[in-house]
Amino acid sequence: MPRIYLEKITLKDAKEVKEWEIFDEKTLVGYNYSKLSDFEIKLWYGSITSPMKKYFAVRKIDDDRFIGFLGLKQINPILKRAKLGIVFDRAYVSLGYGTEAIKLLLDIAFTKVKLKEVYLDVNLFNKRALRAYQKVGFYPIGESEEVFENQDIDFDPKYFVKKSGLIYSKILQMKIRKDDYYEL
């Protein structure tokens, strides 16, 4: 039985991130949307509602609470592919909502948007997200590194690398194809 539903995200939804619990982990501070100012929320909302993006609010069915958002960005209608982005209120992680939301989004991506594949980038340290992506059927296609947004972290060479005085996060690139998803 579904516990959540997706609906097109609105500015009213975006303002509700102010009610979200914050992540204490230094590696996850970039997901603390509740700390955004009203102006920053408007800028962020504008950035996720451009024509080449389709973002959705994740709401609980039982109380209609806004617990996360996810969407498709970098939509390429010619190659029929897009990149997945997802963020949840800390109070609702590790409860299966992310996996459930990703499945709902993939159904939209493959049936309504008519995509052939969806890809994503995940920080190697984010084991919780990695498990959700694997459960749904995403598989690795490569690795990369990018400057990490919070340079004040406990450096672990398993997940990070130092270059020119900066900390880079190790990124796993993953994808799922429509044909693979519906064969699961």
Side-chain angles (χ1 to χ4, degrees), residues 1-75 82-109 112-113 118-136 138 146-154 159 167 169 171-172 174:
M1 173 179 292
R3 301 176 298 158
I4 59 168
Y5 67 96
L6 304 182
E7 67 179 4
K8 186 177 178 182
I9 196 164
T10 66
L11 183 56
K12 180 183 173 292
D13 297 324
K15 290 178 180 178
E16 288 182 43
V17 299
K18 300 279 260 179
E19 300 168 19
W20 287 8
E21 290 186 19
I22 63 166
F23 289 93
D24 296 324
E25 302 97 322
K26 288 183 177 182
T27 53
L28 300 176
V29 296
Y31 295 102
N32 287 335
Y33 282 70
S34 60
K35 291 188 171 193
L36 296 177
S37 69
D38 290 342
F39 178 72
E40 290 169 325
I41 287 173
K42 286 179 184 174
L43 281 177
W44 161 68
Y45 177 73
S47 76
I48 63 168
T49 54
S50 68
M52 297 313 284
K53 297 178 182 179
K54 293 190 182 304
Y55 270 80
F56 300 89
V58 179
R59 291 198 170 272
K60 287 180 59 200
I61 289 173
D62 63 355
D63 62 6
D64 207 40
R65 182 168 172 82
F66 174 49
I67 63 170
F69 65 88
L70 78 166
L72 302 168
K73 53 190 176 182
Q74 299 173 12
I75 297 171
K83 191 173 192 176
L84 171 73
I86 182 170
V87 176
F88 267 78
D89 177 341
R90 187 186 68 79
Y92 294 93
V93 298
S94 295
L95 299 172
Y97 290 114
T99 302
E100 195 174 331
I102 293 166
K103 288 178 180 179
L104 292 172
L105 180 69
L106 289 176
D107 281 333
I108 292 168
K112 294 183 177 155
V113 185
V118 174
Y119 62 101
L120 60 85
D121 294 335
V122 60
N123 291 293
L124 281 181
F125 66 79
N126 196 341
K127 299 293 185 193
R128 180 174 43 228
L130 192 54
R131 277 191 306 275
Y133 301 142
Q134 290 169 330
K135 277 185 207 173
V136 174
F138 279 88
E146 66 180 48
V147 174
F148 194 62
E149 58 195 359
N150 182 6
Q151 294 289 299
D152 181 32
I153 57 166
D154 296 326
Y159 305 118
I167 297 173
S169 180
I171 307 289
L172 182 63
M174 303 179 83

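Atoms considered below: every heavy atom in the structure, side chains included; atoms not considered: hydrogens, waters and symmetry mates.
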Residue among Ile153, Asn123, Leu124, Asn126 satisfying side-chain contact (heavy atoms from CB on, under 4.5 Å) with Tyr159: Leu124
Atom pair CD1 (Ile108) and CG (Leu70), whose distance is rounded to the nearest 0.5 Å: 8.0 Å
Whether over 12 other heavy atoms sit under 6.0 Å from Lys127 NZ: yes
Step-by-step side chain to side chain contact (heavy atoms under 4.5 Å, CB included) determination, Leu6 to Val58: CA-CA 5 Å; Leu6 304 182; Val58 179; 3.6 Å; yes
Sidechain-backbone polar pair: Asn32 side chain, Ser34 backbone, donor-acceptor under 3.5 Å: no
Closest non-hydrogen atom pair, Val118 against Ala109: CG2-CB, 4.0 Å
Candidate pair Lys18 and Ile41, rule side chain to side chain contact (heavy atoms under 4.5 Å, CB included), full reasoning: CA-CA 9 Å; Lys18 300 279 260 179; Ile41 287 173; 3.5 Å; yes
Within 6.0 angstrom of Lys53 NZ, more than 12 heavy atoms from elsewhere: yes
Candidate pair Asp24 and Arg90, rule salt bridge (Lys or Arg N to Asp or Glu O under 4.0 Å), full reasoning: CA-CA 9 Å; Asp24 296 324; Arg90 187 186 68 79; 5.0 Å; no
Parallel, tilted or perpendicular: ring planes of Phe138 versus Tyr133, cut at 30 and 60 degrees: perpendicular
Donor-acceptor pair, side chain of Lys26 and main chain of Asn150, under 3.5 angstrom: no
Atom pair CG (Leu106) and CG (Leu72), whose distance is rounded to the nearest 0.5 Å: 8.0 Å
Distance (rounded to the nearest 0.5 Å) between Asp89 CG and Tyr31 OH: 14.5 Å
Inter-residue atom distance Ser50.OG - Tyr55.OH, 0.5 Å rounding: 9.0 Å
Closest approach of Ser169 to Phe125 (non-hydrogen atoms, all atoms of both residues): OG-CE2, 3.9 Å
Steps toward side chain to side chain contact (heavy atoms under 4.5 Å, CB included) verdict (Leu84, Met174): CA-CA 10 Å; Leu84 171 73; Met174 303 179 83; over 6 Å; no
Interatomic distance, Lys15 atom NZ to Thr10 atom OG1 [nearest 0.5 angstrom]: 9.5 Å
Contact summary for Ile67 and Phe88, nearest pair of heavy atoms: O-CD2, 3.2 Å
Pair Trp20 + Phe66: ring centers closer than 6.0 Å: yes
Check ion pair Arg59-Asp13 (N to O, under 4.0 angstrom): yes
Quiz item: cation-pi between Arg3 and Tyr97, 6.0 Å / 45°: yes
Flag, side chain of Gln151 to backbone of Ile167, donor-acceptor distance under 3.5 Å: yes
Exercise: identify the closest heavy-atom pair between Glu40 and Lys35: OE1-O, 4.2 Å
Distance in Å, Met52 CE paired with Lys54 NZ, rounded so as to fall on 0.5 Å steps: 9.0 Å
Side chain to side chain contact (heavy atoms under 4.5 Å, CB included) between Lys83 and Asp121, intermediate numbers included: CA-CA 8 Å; Lys83 191 173 192 176; Asp121 294 335; 2.7 Å; yes
Salt bridge flag under 4.0 Å for residues Asp63 and Arg65: no
Enclosure of Asp154 CG (heavy-atom neighbours >12, cutoff 6.0 Å): no
Which atom of Ala14 lies closest to which atom of Tyr45, heavy atoms considered: CB-CD1, 3.9 Å
Smallest separation among heavy atoms of Phe148 and Thr27, with atom names: CZ-O, 3.3 Å
